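Structure record follows, encoded as structure tokens.
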There are 2 protein chains.
Amino acid sequence: MTDDTRWLAPEESAAWVRLVALAELLPGALDAQLLRDAGLTHFEYGALMAIAAAPSRTMRMTELASRTNATLPRLSHVAKRLEERGLIERFPCPEDRRATNATITRAGLALISEAAPGHVETVRANVLDALAPEQLEQLYVIAGAVLARLDPDARLSATSCQFSEGPVDHVVA
Amino acid sequence: MTDDTRWLAPEESAAWVRLVALAELLPGALDAQLLRDAGLTHFEYGALMAIAAAPSRTMRMTELASRTNATLPRLSHVAKRLEERGLIERFPCPEDRRATNATITRAGLALISEAAPGHVETVRANVLDALAPEQLEQLYVIAGAVLARLDPDARLSATSCQFSEGPVDHVVA
DNA sequence: CGCAATCAGTTGTTGCGTCAACCAATGCGG
DNA sequence: CCGCATTGGTTGACGCAACAACTGATTGCG
């Protein structure tokens with residue numbers, strides 16, 4: 001019973017344990033704040049942001065699913081709930097009648113506009129304010145290297161980032 | 001309507017987007033491999049590892065919940081399933097008859113012993129092999145700084161790390 | 001032109017996590 | 001001691017995500 005597994009060295013294990021803890025705690029922290037202050041999960045917030053950032057504030061379900069790392073069934077359920085809450089609207093795509101387009105409503109825009117400041121504040125308080133500028137750069141590079149493995153097609157960090165943290169006034173105006 | 005929110009600078013946004021993508025994808029990747037190869041979620045694997053690493057391979061439910069970042073109800077459900085599968089056993093604590101102790105069985109030890117190499121391989125393939133030694137150190141520091149905010153009591157990265165990635169032979173032998 | 005294969009999305013079922021309620025044991029102040 | 005709040009843990013109900021199955025539209029190919 002030879003064991004050729006390359007077990008983790010202490011430095012590797014230490015870094016890994018912390019990364020796992022981080023990945024475990026971060027989603028909960030984001031969800032908790034957004035759910036408390038805006039009644040949105042972080043996923044819903046990201047989806048609304050992605051739609052709002054799209055040209056004409058409209059996006060195909062499939063593309064939205066890809067950008068938010070959701071399965072199509074999941075997105076369909078979420079969209080249904082968001083539509084019932086009046087935050088988005090769905091209508092068949094004229095060009096391809098199989099497809100469905102989702103648009104964010106005024107109410108949806110208003111909601112994310114209200115939610116954004118608090119969310120950004122949470123991001124700063126929990127992450128960004130803890131890091132020096134050079135660490136921010138290191139994090140960018142490190143996460144990029146890992147994402148190249150986890151997300152080879154770069155479906156997430158797409159060009160117009162769906163978790164954009166800028167003001168949304170330009171779309172509201 | 002003055003807006004004193006400090007919106008994210010481009011470098012901040014870029015790093016943040018990647019970190020979020022990482023936190024979103026990593027759990028899924030870990031779960032997928034462990035579920036496929038050992039029929040365990042990453043959480044269950046971590047819980048079994050934590051018990052296995054404890055003195056006399058026994059741990060109180062409350063402490064286990066704290067170390068694995070689980071609520072007590074969640075852990076109770078998970079423990080019930082693991083017990084039904086014969087991987088752990090629960091028995092009332094002699095000293096405090098409110099408390100419950102969980103012990104890992106031989107079958108449980110055998111399972112994590114089998115699962116560990118594949119898991120470590122996944123960790124290397126997805127994360128560690130993508131990073132240079134200095135990046136590993138940077139990651140350790142950065143994650144530590146963030147965890148100081150997210151997990152002030154350091155309930156997760158406790159001394160005998162529950163997600164330990166070392167061989168488990170010493171407990172099996 | 002017609003049929004098969006594929007694509008886009010929705011719907012139903014199952015499993016897991018959270019929340020609230022509950023029971024039992026402990027311990028602490030009177 | 002006794003009463004009552006607190007701690008440790010389990011249970012049940014509800015909500016959300018994953019998977020599978022299905023409908024309808026489109027493409028491709030003979």
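Given the structure is predicted, the values throughout are model-derived calculations rather than measurements. Chain naming here is simple, since letters A, B, ... match the order of the sequence lines and numbering starts at 1 in each.
B:Met59 places its CE atom 15 Å from the P atom of D:dG8, with the value rounded to the nearest Å. Between the NE2 atom of A:His42 and the C1' atom of D:dA17 there is a distance of 17 Å, rounded to whole Å. A:Leu72 has its CG atom 14 Å from the C1' atom of C:dT6, to the nearest Å. Residue B:Arg60 contributes atom CZ, which lies 12 Å from atom P of D:dT10 at whole-angstrom precision. In this structure, the CG atom of B:Leu35 is 11 Å from the C1' atom of C:dG15, given to the nearest Å. The separation between B:His77 atom NE2 and C:dG15 atom C1' is 12 Å, rounded to whole Å. Following rounding to the nearest Å, A:Asp31 (CG) and D:dC16 (C1') show an atom-to-atom distance of 11 Å. Per the geometry, NZ belonging to B:Lys80 stands 15 Å off C1' belonging to C:dG17, to the nearest Å.
The shortest side-chain heavy-atom distance between A:Glu12 and B:Arg124 falls under the 4.5 Å cut-off. At least one side-chain heavy atom of B:Asp96 sits less than 4.5 Å from a side-chain heavy atom of B:Arg60.
Residue contacts for A:Ser76: at a heavy-atom cut-off of 4.0 Å it reaches a base atom on one of the strands shown. B:Arg74 comes within contact range of at least one nucleobase, with a heavy-atom separation under 4.0 Å.
Between B:Met61 and A:Asp96, the residue anchored closer to the 5' end of DNA chain D is B:Met61, taking for each the nucleotide with the nearest heavy atom. Between B:Leu75 and B:Arg98, the residue whose closest nucleotide on DNA chain D is further toward the 5' end is B:Arg98.
Here the side chain of B:Pro73 is nearest to one of C:dG17, D:dA17, C:dA20, namely C:dA20.
Put simply, B:Arg90 has no side-chain N or O that comes within less than 4.0 Å of OP1 or OP2 on D:dG8. Contact annotation: B:Arg97 does not reach the phosphate of C:dA24 (side-chain N/O to OP1 or OP2, under 4.0 Å). Side-chain N/O atoms of A:Thr100 include none lying less than 4.0 angstrom from OP1 or OP2 on C:dA8.
Of the possible polar contacts, none joining the B:Asp151 side chain to the B:Leu147 backbone as a donor-acceptor pair under 3.5 Å is found.
The line from CZ of B:Arg57 to OG1 of B:Thr103 is 9.0 Å long, rounded to the nearest 0.5 Å. The line from CG of B:Leu26 to CZ of A:Arg149 is 13.5 Å long, rounded to the nearest 0.5 Å.
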